[in-house]
Amino acid sequence: MMGVLNHLSTLLLLSLLPPSLSHVVVKFSDVPQCQKFFLEGTTPNLPGILVGGTVQNQNRYKPICQLFKNTYRFATLYDTTNRIPVFSAYTFTGNISGRPSQSWMIEPQVLNNNIDIGVNQAVDADYNAKIKNMPLERGHLFPCSHTPDNDTMRSTFTLTNVVPQKRGFNRGRWRAMEKRVREALVNNCKDNNNRIKAYVLTGAVPSKNNKLNNRVNIPDLLWTAFCCYNSEKDKWMAGAHWGENKEELNTEVLGPHSLADLNVMLNQYYHVYGVVVGDVKVFPDQCSNGDIPTELLVSKNLSVKMLILLRQSFLSLKT
């Protein structure tokens, strides 16, 4: 009888939470419309997690082709153990302003054989839990401020696309960085038809054992990287940013880094936390030597000397 009641309560929960209606796949390449979110269809190399486009532990990591209103909007690799995404991948083609009235969605397809929707993913109740001294909120990996239309903006409001992010970091340095990157992509990523197109990957490095509501991993660090071809300059443009997920009282700008720096940093971080060991590679070779847009290198809030010191402090994490 208790099992029946539990099943009925789960069905009720599923009826109350709007599904994202996405597509959980074995490989991103299984869906051509989903593969397009990766430059040349090449997924990042994360040894121990995703190698050569193949998920290494398919019981734990779920590739999700995020489908909304019959259109694939972006791609996510989801960690069902930590209940947060490893990364979300999307193409930036311009942006609209505002924030939609959209309920947070869940992904029923990550259930596997489990009845309880919360076994393999975060639910709204996790983020609504009142926890002392932990000012956390839902931090988008694919930010709604980088979306080209209202439906794509709404599609980002799925709990498989967010991580617990410290409020001060989310609304401070991280948001400021997203704005500056957005402007840099608009100015530097136009193809031969004068259309904006850039590939972006944003991910989270999980903590060892820091959890929201004793269930959802609170990542130690967030990172983002982009790559595009600038037809006017006839060269590749690329760059990366990362920052520790901690409450901050200042809005000091997150300095840009090369993709090579990001690969080195992620190798060290994942090695420390025992998640992956090996060579991380977020984008194909042509992006490795891409120029960082000048808009990201020059800021009235950050001197060149400060940028160098900031870079050194982050790289010191690997020692």
Side-chain angles (χ1 to χ4, degrees), residues 28-29 31-44 65-76 87-100 140-157 161 174-203 223-241 253-260 262 281-300 302:
F28 290 114
S29 58
V31 181
Q33 301 96 320
C34 185
Q35 192 177 19
K36 70 181 182 181
F37 299 118
F38 303 95
L39 178 61
E40 296 183 345
T42 304
T43 55
C65 295
Q66 302 279 11
L67 184 70
F68 186 79
K69 286 195 172 182
N70 299 317
T71 299
Y72 290 102
R73 309 288 175 173
F74 62 105
T76 298
F87 65 76
S88 282
Y90 60 96
T91 51
F92 179 87
T93 57
N95 68 285
I96 59 172
S97 60
R99 191 176 179 92
H140 285 73
L141 294 193
F142 180 11
C144 60
S145 63
H146 282 202
T147 55
D149 54 66
N150 185 64
D151 284 341
T152 303
M153 183 181 288
R154 290 175 61 196
S155 76
T156 67
F157 284 79
N161 180 49
W174 192 256
R175 178 179 293 179
M177 177 275 298
E178 288 177 337
K179 180 178 183 295
R180 294 176 67 235
V181 168
R182 183 180 70 224
E183 294 171 350
L185 298 183
V186 168
N187 293 331
N188 292 274
C189 296
K190 293 181 180 178
D191 61 18
N192 291 324
N193 295 316
N194 204 36
R195 295 177 180 173
I196 301 168
K197 187 172 185 180
Y199 295 87
V200 186
L201 281 163
T202 303
W223 58 270
T224 186
F226 65 87
C227 182
C228 70
Y229 183 72
N230 185 320
S231 61
E232 183 180 1
K233 296 181 179 179
D234 191 25
K235 62 174 58 177
W236 289 90
M237 312 295 289
H241 294 78
V253 177
L254 285 172
H257 301 269
S258 69
L259 295 184
L262 176 65
K281 188 175 183 179
V282 294
F283 276 115
D285 289 337
Q286 60 264 44
C287 298
S288 299
N289 296 319
D291 289 354
I292 298 175
T294 55
E295 294 95 329
L296 299 178
L297 291 171
V298 180
S299 172
K300 63 182 179 181
L302 188 65

Report task. Would you sort out whether F157 and R99 count as a side-chain contact (heavy atoms from CB on, under 4.5 Å), showing the intermediate values? Result -> CA-CA 10 Å; F157 284 79; R99 191 176 179 92; 3.6 Å; yes

Query - CA sep, side-chain torsions, deciding dist, call: F37, Y72, side-chain contact (heavy atoms from CB on, under 4.5 Å) - result: CA-CA 9 Å; F37 299 118; Y72 290 102; 4.1 Å; yes

Query raised in the report: How far apart are the C-alpha atoms of F142 and T76, what are their side-chain angles, what is the distance that settles it, and do they pass the side-chain contact (heavy atoms from CB on, under 4.5 Å) test?
Result: CA-CA 9 Å; F142 180 11; T76 298; over 6 Å; no

**Report entry** Intermediate values then yes/no, side-chain contact (heavy atoms from CB on, under 4.5 Å), R73 and T152
**Finding:** CA-CA 6 Å; R73 309 288 175 173; T152 303; 3.2 Å; yes

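Rounded to the nearest 0.5 angstrom, T91 OG1 and I196 CD1 are separated by 12.0 Å. Of the inter-residue distances, the one linking Q286 atom CD with W236 atom CH2 reads 4.5 Å to the nearest 0.5 angstrom. Taking CE from M177 and CZ from R182, the interatomic distance works out to 11.5 Å, rounded to the nearest 0.5 Å. To the nearest 0.5 Å, the span separating NE2 on H140 from CZ on R175 amounts to 11.0 Å. One distance of note links CD1 of I292 with CG of N188; it measures 11.5 Å at 0.5 Å rounding. The distance from atom CD1 of I96 to atom CG of D149, rounded to the nearest 0.5 Å, is 6.0 Å.
Taking a 6.0 Å sphere around CG of N289, one finds it holds 12 or fewer heavy atoms contributed by other residues, nucleotides or ligands. Surrounding CG of N193 are more than 12 heavy atoms belonging to other residues, nucleotides or ligands, all under 6.0 Å away.
With R195 contributing its side chain and T93 its backbone, the two residues share no donor-acceptor pair below 3.5 Å.
Between P100 and N150, the shortest heavy-atom contact is CB-OD1, 4.1 Å. Summarising the geometry of S29 relative to Q35, their closest heavy-atom pair is CB-NE2, 3.6 Å, with the distance given to 0.1 Å. Residue S145 comes nearest to E178 through the heavy atom pair OG-OE1, 4.2 Å, listed as atom of the first residue, atom of the second, then distance. Considering all non-hydrogen atoms of both residues, P293 and A238 come closest at CD-O, 4.2 Å. The nearest pair of heavy atoms linking L259 to S288 is CD1-N, 4.4 Å.
Separation of the F38 and F28 ring centroids falls under the 6.0 Å cut-off.
Of the listed residues (L141, V282, T202), just one forms a side chain to side chain contact (heavy atoms under 4.5 Å, CB included) with W223, and that residue is V282.
Side-chain contact annotation: S155 with Q66, donor-acceptor N/O pair under 3.5 Å absent. Using a 3.5 Å distance cut-off with no hydrogens or angles, the side chains of N161 and S88 do pair a donor with an acceptor.
Applying the salt bridge (charged side-chain N to carboxylate O under 4.0 Å, His left out) rule to K235 yields the partners D291; only residues at least two apart in sequence or on another chain are considered.
Taking 4.0 Å as the cut-off between side-chain N and carboxylate O, E183 and K179 count as a salt-bridged pair.
Ring planes of H146 and Y90: perpendicular class, angle over 60° (limits at 30 and 60°).
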